[in-house]
Amino acid sequence: MSTPNTTQAYRASLLHFTDDPLHNEKALQWHEDGLLLIQDGRVQAAGDYSQLKDSLPAGTAVSHFAGKIIMPGFIDSHIHYPQTDMIASPAPGLLPWLEKYTFPTERQFQDPEHTGEVASFFVDELLRCGTTTAMVYCTVHPESVDAFFGESEKRNLRMVAGKVLMDRNCPEFLRDTAESGARDSEALIQKWHKHGRQLYAITPRFAPTSSEAQLQLAGELAQKYPDTFIQTHVAENKDECKWARELFPKARSYLDIYDSYGLMRERAMYAHCIWLDDTDRRRMAETKSAVSLCATSNLFLGSGLFDFPRAQEAGVPLSLATDVGGGTSFSMLQTMNETYKVARMGGTYLPAARMFYLATLGGARSMQLEGTIGNFAKNAEADFIVLDPQATPLLARRTARTDSLEELLFALALLGDDRSIAATYAAGKLVHERK
Ligand code: GUN
Ligand code: ZN
């Protein structure tokens, strides 16, 4: 008996990375007329159509996206799903923004109906923007994690998320305790971590809203479950930095608070990292803790400009993120646009190839998920998007006048948004198609 032919084949231009283009000029892989072959939700092969077409099993239907680009789905390394409904809420800085908008908005997640509705919208919005993996903050309520992973699982997505830990310096209605936070987190790890494609992140919101006892227990959990993720905020805003140092006077620096509780290790994702010093950066690199660079949020809240030269010199793993609702767009293309400008303001020139790397394989490497997501390596999970360089009249006009691949990608990064995503696939299945 012959086995049924389950190969899926997609023809278009193919773009992905095998390394960081900053260090390796052969990192960018481009097949002008390419073919992506998928079996059982995993990449079988990615290469030139002319070379691969003869290896197709007889009768394989080829989906042809003429004039479009297939690339790995975007990875957003820091985003808050409960803040979906408060995106674009104005405030003069991080701390007043948290008080006025964030905490009241997150309070609503004690209502399961509201929680489920927001989680579903949020996941669809990620897919509309071509983001197939994100590191997601839920709220302090354990049910908010169930709702999020439930929606992710329905669509078979590779997502990382966790319950916010927060036991002081916040309204009573959003407070856990050191013990209940650790207990709930452990139960969620057992329920969701590596359940299908779901991965758990231990999530102390930031040092100012956790007691020493809470950070201590978070560190113990991180040690007990070494393949879980850790996510938090650090050195985002000057007032926040001052506050953190007052609350933890023994720490050498804000980052050192987390270090002293065992929260720096592989799979730890630190959002912002604007006001670090060189000792902090060295420690990030040594421990393989990663930076989540949140350009739209940093500009919107006036937090500061990420220092590319110093981070690159120290060899800190870098990834890009939207940080919605502090960030102003779900689109990783718009995030690249603003990241480019943040880099320019600090004297660094970021080529488009590097931005596309950071939004795909760079994110995967920061999360220790290379080989699983982020590029088209053989057997990687087939999360990919179809980019449309003609999505809008202006994009069509500009991309018709580009002289190189770098110029084409640059135009997509600067002018693209959700409209540029013609389709999104997760583990080989269509999960969004632009109408
Ligand atoms: N620091 C602590 N909580 C938050 C948050 O929700 N958003 C941002 N941008 N920074 C934070
Ligand atoms: Zn954030």
Side-chain angles (χ1 to χ4, degrees), residues 76-109 118 122 134-141 144 148 160-171 174-176 181 201-210 214-215 218 229-245 247-248 254-255 257-258 263 268-276 290-306 319-330 335 338 342:
D76 181 344
S77 67
H78 179 99
I79 186 164
H80 301 255
Y81 100 78
Q83 297 175 14
T84 300
D85 291 346
M86 53 164 282
I87 188 170
S89 292
L94 172 67
L95 301 178
W97 175 84
L98 285 173
E99 282 294 325
K100 183 166 178 196
Y101 296 105
T102 313
F103 293 148
T105 302
E106 295 193 4
R107 181 182 200 171
Q108 296 173 279
F109 287 72
V118 177
F122 171 86
M135 287 192 69
V136 178
Y137 285 57
C138 303
T139 62
V140 74
H141 315 95
S144 70
F148 173 75
V160 184
K163 177 202 116 68
V164 162
L165 296 166
M166 181 154 70
D167 70 345
R168 66 165 168 171
N169 296 323
C170 64
L174 279 181
R175 234 174 256 194
D176 56 11
I202 298 161
T203 310
R205 178 174 216 118
F206 67 155
T209 48
S210 283
Q214 182 156 70
L215 293 179
F229 291 72
I230 297 168
Q231 58 182 352
T232 191
H233 300 85
V234 72
E236 175 178 5
N237 163 288
K238 282 191 169 165
D239 293 336
E240 168 220 14
C241 292
K242 185 164 166 281
W243 190 27
R245 298 301 304 282
L247 290 165
F248 296 89
Y254 185 173
L255 185 70
I257 301 169
Y258 299 119
L263 291 165
M269 186 61 74
Y270 283 88
H272 308 297
C273 297
I274 295 170
W275 307 104
L276 299 184
V291 171
S292 177
L293 201 174
C294 306
T296 73
S297 169
N298 298 159
L299 295 170
F300 177 68
L301 290 171
S303 302
L305 300 174
F306 181 77
S319 63
L320 303 187
T322 61
D323 192 27
V324 165
T328 51
S329 173
F330 276 79
T335 299
E338 299 301 325
V342 166

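Whatever order the structure lists them in is the order used to number ligands and atoms, beginning at 1.
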Between the SG atom in Cys241 and the CD atom in Glu236, the distance rounded to the nearest 0.5 Å is 9.0 Å
Can you tell which part of Trp97 has a heavy atom less than 4.0 Å from ligand 1: side chain, backbone, both or neither?
side chain
Give the atoms of ligand 1, by number and element, whose distance to some non-hydrogen atom of His272 is under 4.0 Å.
9 (N)
Thr296 (side chain) donor-acceptor with Thr328 (main chain) under 3.5 angstrom:
yes
Considering only heavy atoms, does Leu98 approach ligand 1 within less than 4.0 Å through its side chain, its backbone, both, or neither?
side chain
Considering non-hydrogen atoms of the protein only, which is the closest contact for atom 6 (O) of ligand 1, and what is the distance?
Arg205 NH2, 2.7 Å
Does any N or O in the side chain of Arg205 come within less than 3.5 Å of the main-chain N or O of Leu165, such that one atom is a donor and the other an acceptor?
no
Using a strict cut-off of 4.0 Å, indicate which atoms of ligand 1 neighbour a heavy atom of Leu94.
8 (C), 10 (N), 11 (C)
Return all protein N, O or S atoms below 2.8 Å from the Zn ion (ligand 2), chain by chain in residue order.
His78 NE2, His80 NE2, His233 NE2, Asp323 OD1
Just so I know, are the side chains of Met86 and Lys100 near enough to count as touching, which here means a heavy-atom distance under 4.5 Å?
no
Residue part near ligand 1, for Glu240, under 4.0 Å between non-hydrogen atoms
neither
Would you tell me whether Asp176 and Gln214 have side-chain atoms, one donor and one acceptor, within less than 3.5 Å of each other?
yes
For the CG atom of Asp323 and the CD atom of Gln83, what is their distance to the nearest 0.5 Å?
7.0 Å
Any nitrogen or oxygen of Glu106, main chain or side chain, under 3.5 Å from a nitrogen or oxygen of ligand 1?
no
Pairwise distance CG(Leu305) to CG(Asn298) - rounded to 0.5 angstrom
8.0 Å
Residue Glu236 vicinity, atoms of ligand 1 by number, heavy atom under 4.0 Å
1 (N), 8 (C), 9 (N), 10 (N), 11 (C)
Between the CG atom in Leu293 and the CD1 atom in Ile274, the distance rounded to the nearest 0.5 Å is 8.0 Å
Against heavy atoms of Asp323, which atoms of ligand 1 measure under 4.0 Å?
8 (C), 9 (N)
Thr209 side chain to Met166 main-chain N or O, any donor-acceptor pair under 3.5 Å?
no
Does a donor on one side chain sit under 3.5 Å from an acceptor on the other, for Glu240 and Tyr254?
yes
